[in-house]
Amino acid sequence: MLGVSVDTLRRWELDGRLQTIRSSGGQRLIAIDEVARLLGLRRGPEPERAITAQSARSRFPSIVTNVARDNVVAVVELMAGPHRLVSLMTAEAADELGIEVGLRVVAVVKATDVIVEIPAVKVSSP
């Protein structure tokens, strides 16, 4: 689960970085809470880096006009000039970004498909 060798686990135990329990047969046992703690330490936050370039060209300065969230997802409505945009994101992402009504944001749109429709010709009655 940690992606390290047994030798690394032994070194971590000797260094005091890892708590183990010995089985009756002398095997090292590691509690799942200890594994989770180590995974959290290894993942750690990455340093913030400014965005210097990106491939998405459709960027719309916007204001958040509505947020509807539950435990899993958040539906975020934006007003970009005269246009209404809707973003569906995880509730966790919305919380991390501090999304709330009135927040100024930039909506970045990168679509893989653009569908063009031609409306039916309106037939005028005589």
Side-chain angles (χ1 to χ4, degrees):
M1 290 178 74
L2 293 169
V4 298
S5 69
V6 173
D7 289 334
T8 298
L9 293 175
R10 287 185 186 125
R11 278 194 306 279
W12 287 357
E13 180 186 26
L14 289 173
D15 294 343
R17 290 177 54 192
L18 172 68
Q19 300 295 320
T20 63
I21 303 166
R22 294 289 181 145
S23 71
S24 58
Q27 295 172 315
R28 290 175 179 86
L29 304 176
I30 304 170
I32 193 66
D33 290 347
E34 185 71 354
V35 173
R37 182 186 69 80
L38 289 170
L39 283 172
L41 289 174
R42 294 189 66 201
R43 285 189 187 131
E46 290 190 23
E48 293 290 327
R49 297 185 331 181
I51 297 171
T52 58
Q54 67 171 248
S55 62
R57 296 293 183 236
S58 300
R59 300 172 54 84
F60 305 98
S62 308
I63 296 175
V64 176
T65 57
N66 191 37
V67 180
R69 64 164 55 97
D70 61 19
N71 291 333
V72 180
V73 298
V75 178
V76 180
E77 293 182 29
L78 309 171
M79 184 62 67
H83 306 288
R84 176 179 167 263
L85 302 172
V86 179
S87 175
L88 181 64
M89 65 182 74
T90 64
E92 181 179 18
D95 291 341
E96 286 177 4
L97 292 170
I99 299 293
E100 60 185 33
V101 172
L103 182 67
R104 292 184 179 276
V105 298
V106 176
V108 180
V109 178
K110 177 90 177 192
T112 56
D113 297 309
V114 175
I115 299 168
V116 177
E117 295 180 336
I118 299 174
V121 177
K122 183 177 180 181
V123 178
S124 57
S125 20

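- By the rule that hydrophobic residues join a cluster once side-chain heavy atoms approach within less than 4.5 Å of another member, V67 and L97 end up as members of one cluster.
- When all heavy atoms of L38 and R17 are compared, the closest pair comes out as CD2-O, 3.8 Å.
- Residue E92 places its CD atom among 12 or fewer non-hydrogen atoms of other residues, nucleotides or ligands, all under 6.0 Å distant.
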Quiz item: Should L78 and F60 be marked as a side-chain contact (heavy atoms from CB on, under 4.5 Å) after you check the CA-CA gap, both sets of side-chain angles, and the distance that decides it?
Solution: CA-CA 10 Å; L78 309 171; F60 305 98; over 6 Å; no
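- Residues V75 and V86 share a closest heavy-atom pair of CG1-CG1, 3.6 Å.
- Once rounded to the nearest 0.5 Å, the distance linking CD of E34 with CG of L29 reads 12.5 Å.
- Between atom CZ of residue R37 and atom CD1 of residue I30 there is a gap of 10.5 Å, rounded to the nearest 0.5 Å.
- Counted within 6.0 Å of CZ on R22, heavy atoms from surrounding residues, nucleotides or ligands total more than 12; the atom is thus considered enclosed.
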Practice problem: Go through the steps for T65 and R84 under the test side-chain contact (heavy atoms from CB on, under 4.5 Å), then give the verdict. | Solution: CA-CA 9 Å; T65 57; R84 176 179 167 263; 5.9 Å; no
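- When atom types are taken as modelled, the side chain of S87 and the backbone of V76 share no donor-acceptor pair closer than 3.5 angstrom.
- Residues L18 and L9 share a closest heavy-atom pair of CD2-O, 3.5 Å.
- Nearest heavy-atom pair, L85 versus S62, reported as atom, atom and distance to 0.1 Å: CD1-OG, 4.4 Å.
- Considering every non-hydrogen atom in both R59 and V106, the closest pair reads NH2-CG1, 3.9 Å.
- In this structure, the separation between CD1 on I63 and CE on M79 is 9.0 Å, given to the nearest 0.5 Å.
- The distance from atom CE of M89 to atom CD1 of I99, rounded to the nearest 0.5 Å, is 5.0 Å.
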